[in-house]
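In this text, all values refer to a predicted model and were calculated from it rather than measured experimentally.
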Amino acid sequence: MKLTAVYEPATEGGYTCWVEEIPAAISEGETLEEAETNLMDALKLVLECQRELSDQTRSQQSVKRALVLAA
């Protein structure tokens with residue numbers, strides 16, 4: 001599975017970016033390379049945060065399994 005990164009030129013320079021399929025993953029950077037690196041960090045933080053929220057709210061009886069998305 002591939003995700004779609006969108007890089008929008010910012011009026012003050014550099015780029016604002018986000019992951020199209022995961023709207024909470026937003027970042028910025030002066031260059032495309034910096035924006036991409038920062039966006040990857042933002043995506044990891046969003047997924048970690050969601051994992052922590054899930055751990056706090058799910059019941060003791062829930063079953064947790066890894067889900068691997070293949071192309």
Side-chain angles (χ1 to χ4, degrees):
M1 176 180 195
K2 293 181 183 180
L3 300 176
T4 308
V6 178
Y7 301 91
E8 186 73 34
T11 55
E12 64 278 359
Y15 297 88
T16 300
C17 52
W18 62 91
V19 177
E20 200 168 64
E21 297 84 358
I22 304 174
I26 303 168
S27 195
E28 63 182 355
E30 290 300 315
T31 65
L32 280 172
E33 293 77 17
E34 180 182 9
E36 182 173 51
T37 298
N38 293 342
L39 185 57
M40 290 296 288
D41 290 341
L43 180 57
K44 289 175 190 175
L45 287 172
V46 166
L47 294 175
E48 287 173 12
C49 182
Q50 286 302 122
R51 220 177 257 127
E52 288 175 16
L53 287 171
S54 175
D55 285 344
Q56 293 171 8
T57 58
R58 63 185 162 84
S59 73
Q60 296 290 337
Q61 294 78 28
S62 64
V63 177
K64 199 172 168 180
R65 292 184 180 178
L67 180 63
V68 178
L69 302 176

Is the shortest side-chain heavy-atom distance between [X] and [Y] below 4.5 Å?
X: Glu20; Y: Leu3; value: no
X: Val46; Y: Ile26; value: no
X: Asp55; Y: Lys64; value: yes

For [X] and [Y], indicate whether the former's side chain and the latter's backbone hold a donor-acceptor pair under 3.5 Å.
X: Glu34; Y: Glu30; value: yes
X: Ser62; Y: Arg58; value: no
X: Ser54; Y: Gln50; value: no

What closest approach, in Å, do [X] and [Y] show between heavy atoms, and which atom pair accounts for it?
X: Leu69; Y: Met1; answer: CD1-SD, 3.0 Å
X: Tyr7; Y: Leu39; answer: OH-CD2, 4.2 Å
X: Ser27; Y: Ala42; answer: CB-CB, 4.3 Å

Kindly work out whether a path of hydrophobic side-chain contacts (I/L/V/M/F/W/Y, heavy atoms less than 4.5 Å apart) joins Val68 to Val63.
-> no
Same apolar cluster (I L V M F W Y, side chains within < 4.5 Å links), Leu67/Val19 |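 Yes, one cluster joins them.
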For Lys2, what residues pass the salt bridge (Lys or Arg N to Asp or Glu O under 4.0 Å) criterion, not counting sequence neighbours?
->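 So Lys2 forms no salt bridge (Lys or Arg N to Asp or Glu O under 4.0 Å) with any residue.
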